Amino acid sequence: MANPLLSVENLTISFGGIVAVRDFSIAVEPGTIHALIGPNGAGKSTTFNCISRLYKPNAGRIIFDGQEITHLPSSAMAGLGIARSFQNLELFNELTVLENMLIGAHVHCGGSFGDRLAAHPPAVMREIDAIIERTGLAPYRETKARNLDFGHQKLLELARALAIKPRLLLLDEPAAGLRNREIAALDTLLTDLARKEGLTIIIVEHVMALVMSISDRVTVLNFGTKIAEGTPAEVKGNTAVIEAYLGKEVALHG
Amino acid sequence: MQLSRRLLTLAGLCLAASGLSPVKAQEAGITANSIKIGMFAPLSGANFAYGFDVANAAKMYFDKINKDGGIHGRKIEVVLEDDRCNANDLVAAVKKLVEQDQVFLLHGGSCSAAVVAAKEYVVRQKVPLVMLNASGDGALYPPTDYIFGAFSISQYAVGGAMVDFAAKNLGAKKIAYVNHDDAYGAWNLEASKFDAEALKVDLAVESVSPTITDVTAPFLKLRAANADALVIVTYARPAALLIKKAAEMGFNKPIILSVTGTANLAQLAQNVGGPDALKNFYIQEVLSDLPGGPKIKWVYDMYKAAYPELSAKAEHPQTYMPYGIPSAMSIVKALQAAGPNVTREKFLEEMKKLNFDSGVMAGPVVFSATERAANKATVFIKYDGTNQTMVPGVFTSRWKYKG
Amino acid sequence: MDLELAILFLQQGLVSGLVIGSVYALLALSIVMIFKTSEVPNFAAGEVFMAAAYCALFLMVFRALPVWLAIPLTLATSFLVAALFRRGVLTQVAKASGSPVNLVIATLGLSYVLKGLVRRTGYGDTPRSFPALVSTDSVMIGQASLTRLDMAIFVAAVVVMAAVFWLFAYTKVGRSMRAVGMNPKAARLMGVNIERVHMLVWGLSAVISAIAALLIAPKILMTAEMGSVVTMAFAAAIVGGFTSLPGAVVGGFVIGIVENLVGLFISSRAIVVAPFLVIMLVLIFRPQGLFGGRFAIKKV
Amino acid sequence: MRIFGLLLAAIVLIALPFFTTGYVIYLANILLTFTVLCLGLHIVIGEAGQFSLAHAAFYGIGIYVTGIAGTKYGLPFPVTMLIGGVAAAAVGFVIGVIALRMRDIYLALATFAFGEAMQWLFQNWDAVTGGPNGLRIAPAHLFGHEFVTDKDAYPVVVLFALLMIGLTILISRARLGRALRAVRESEVAAQAMGIPVQRAKLLAFGLSAFFAGIAGGMFTLFSTFIHPESLGFSTTMLALTMVVVGGLGSIGGAVGGAIVFGLISELLRQAPSFQEIAYGLILIIFMMYAPKGLFAFLADKFGRARHG
């Protein structure tokens, strides 16, 4: 394990007595796609929100590129190059796609005083337009986010996160509710980002086809603890994982 | 007709068409056969009762003058604006009358704190301002050449006269004094303290907000000062609450209510819970006779004749209606004295010489080179809920404006 | 201020505070009821209170109806006007944009319309007394003196509060009101007619304001501006947490007592500012008020 | 289309003093002052979505500080106004630090309480504000020239109104404007984009107080008598109504709302007995049928390009 881009060590999070995540650790290699899977209520989203600094952990450390970020506020993440998308869409609904993207690029608009004042700082605009093209949102550039259909809203979530030009991208169920054609497009996009452009991705997802296809490593959570970790193939055959998802008897006769 | 003409002018502003400002007459507001007077009073909102019928009284007096041939052959033409009894709207009304309607003189103001806001502008424009019934002491001291007021009563006189009456007629050594935390309260308290010192009487003061709902606290503190008399210088509602609380708490010393609180005597008796709250009770009055009494009956008759449909309504004529007469009389007298080719300067000179008894107010209207407050005399009436008996003598305040 | 006088003031302050506080509590209840179910702070609560008092005065004094007929008529009219305003106006405003600011401005519009209407009748100018249904001779509790009317106000107010709590807690209508407050979408799925519940809540809130008006009118005299007492009720509702009915009641008594004690021990001029200082103090230390629900962490 | 609108407005502003009476100029001064006041509300509610109801208090601080700085310390006009604006902004920051820990309705109620407490302070701090008697201040002066009549003050009022409109447009187009709108739309997403949400809200609060303070300073240009009566909740609600009726969230809405609604309440002065009912009905009808405000309503109806 070369030095990981992100390492989570003995993370424990509880909400008023209920321990949601217990002593959880993972290490994510740069340029790889690392999936977090597990049945509902396994603590996936809680871990995800803790890594993106929305929740405060009760114990444990989070280290990004050698620097401890456990106690930084979530507003500091974008500056470090950590971007996230939201499970049930937190778009700026009254604003247009372009303005959503400009806000995504907020940390890059602070360069010179000129940049701060400009409605459309030229350098940033070039990058944003590239992302808009790439995610197929070009025709909707001036449409208000709330007027987009669900599929395009999900794409905007992803595009806005990419506007941060992150080194680590945290995706919370990006494929939930998408049709197969859209999932295929997402598959190629994410693999290109990781393989070709060296972007590190942590993805929480239920759509197993996508997870198995794009992930380099998979970690399985159940009742807040890690029960398995490895390549997609290894995890697929692991009895503990099957048991967690499908229950005990099947595992015996299977 | 008048309303739509005004709307047209202002609508002109909306459409950004810039209406030409009228050409300057040789003397603003004067034509061969008319003198234009710009009147303003609270015609709406919470203080409607303080000014609406006062303005009507002044208008009806001018109509009578017009019927008797006007002034040197000129009819008085009145333009009336609603000043909503607040500073911003009053200044807007005054500027509209002076610059848009080009009136000869301003005749208005029932709310003292608001009329004071117009002082600067009126003096700068050199336009005469004769107040309606506002005491407006803030605009009368230091005296200016252009502003005359306190035709009802100066607030200084209100406060001072109450203390004077309580000390002299009721032999009170310690007086409990309740006023408001507004401009009125500041002026009447200043004079009361002045008179109290002169009469070697000490004063226990409680200032309450006009919107007070529970008067228990201020009343208890006054009772604790065990004063010989309770002097109430507030508006009608708080006054009634205090008198009712006094009766409930078995307060048996004399209670004196200032003219600002006597909105409607019959209603007052009902509001305080019946006549036994008024066993030892006096009210201050500035009219020359009991409301509706013989000396001022002609005013009420003129009102009925001039406004039949209004007087049919329950609430009219409002209590302060007769206060509109003395200021109208003063204007007419000064205009007559100023002669046929009247100018603002001549009119102002004549105003300063006025010294006449209007027959409506307790005291005469007296102006001089340095005096701008018309009436400083008050009388007191013993009132037991049904009949009123005048206490002989006129009472005023020793307070003088020290330059 | 010697000790003996201070004790007298304390007793009187508490007693008077409880009486006036019970009316503030009723008004605060009517405000919180509406806020709990529709997230709208009702800025017309004061004018509904005032208009109800004038409606009763009109029926009793100018139409000389007997009391047992005038009061139910007043309560019914208040219920109808409020329910119609909710159905006719607020539903459309909510549909049109649904942002709370617009709903607040609509209630502000209602307050101006009601004030304008009462003033056009001409009865709003000089202060008027409301025939006291209970005698006003005074009674002593400890060193504090009180009138029978005051006691009647306190008792009636407490009875009405109990009735409201009972309705909210134990009746079907009450449960549907709470459901609409917590989660309108889910309530609709459970077959609750949202619109009918909102009309009921607004109507009930107007009835409570009307009762508060009938109780307090003989004590504080009536003018078209008497609606300004609602600022105290807002203070009471805020202190109580603005989303809790018991909070509104406690808040009402707190504000009533604080108002009296400040008047007695500090200065009469400070009475007006006391409730605002209480609001700021409470909100600084407990942003959700004394009884308000804890801030839910936004589920992401 | 918008260029034509701006051109027309420019012609009116320049031509007004030469063709109309002092009364119309006084009205224009009041409307332009209210425009700047409404722009302040636009920033804190329209852009940042923070429901503040203390606006009249900052307006009052602006008026008193500017007036006293000019009268007692003899400072020239634009300096006094800036001091007024900065003083209001400072108080805005302090209150913001406390109030912005709260959300939506509690923020509105806490700021409402602060606004009422400030009005009580203006009414009772006799030594400084002249208390209930009001305060008479010396006319504003600059390089020895005193602003006495409305026509004197008019060009300066117009200048500062245009400056503040420009500043609002600048803020709205800049990164700060976008950050404020992000906070309004979704605080948690704004945070994830690297926007320090609490600091952004505080900045919006301070800026809005600064605008109100500047509006207060402008008021002292054409009025030398300050009365606390008009510095309470009714003025805050008038400004809020102007912004909402004009169109919440758009600069054109705030400016248009101030001008149009300011004229409506002046026109209503001509129909005294109906004005309260008429004012109330206008509010209700607008909220029912033109929720996005007058300008959005007109734009939809006549298909003109949207303002702001």
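From a predicted model like this one, the values you see are computed outputs, not experimental measurements.
Atom NE2 in D/H227 sits 8.0 Å away from atom CG in B/D182 (nearest 0.5 Å). B/S44 contributes atom OG, which lies 11.5 Å from atom CD1 of D/I277 (distance to the nearest 0.5 angstrom). We find the NZ-CD distance between B/K96 and D/E266 to be 8.5 Å, quoted to the nearest 0.5 Å.
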request  = Please report the C-alpha distance between D/R136 and B/V116 in whole Å, then the side-chain angles of each, then the deciding distance to 0.1 Å, and finally whether the side-chain contact (heavy atoms from CB on, under 4.5 Å) criterion is met.
outcome  = CA-CA 10 Å; D/R136 199 165 293 293; B/V116 167; 3.3 Å; yes

Worked check of side-chain contact (heavy atoms from CB on, under 4.5 Å) between D/L268 and B/R84 = CA-CA 11 Å; D/L268 281 178; B/R84 293 180 178 154; 4.1 Å; yes

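In this structure, no portion of B/A114 lies under 4.5 Å from any heavy atom of chain D. Residue contact with chain D, scored on non-hydrogen atoms closer than 4.5 Å, involves the backbone and the side chain of B/A92 alike.
Of the listed residues (D/I25, D/T21, D/D150), just one forms a side-chain contact (heavy atoms from CB on, under 4.5 Å) with B/K95, and that residue is D/D150.
Heavy-atom contacts from other residues, nucleotides or ligands closer than 6.0 Å to NZ of B/K193 number 12 or fewer.
Among D/I11, D/N124, D/V148, D/I30, the residue with the largest count of heavy-atom pairs under 4.5 Å with chain B is D/V148. For chain D, the option among B/A186, B/A117, B/A118 with the highest count of heavy-atom pairs below 4.5 Å is B/A117.
Counting heavy atoms from C-beta outward, D/F222 and B/V91 have side chains that stay 4.5 Å or more apart.
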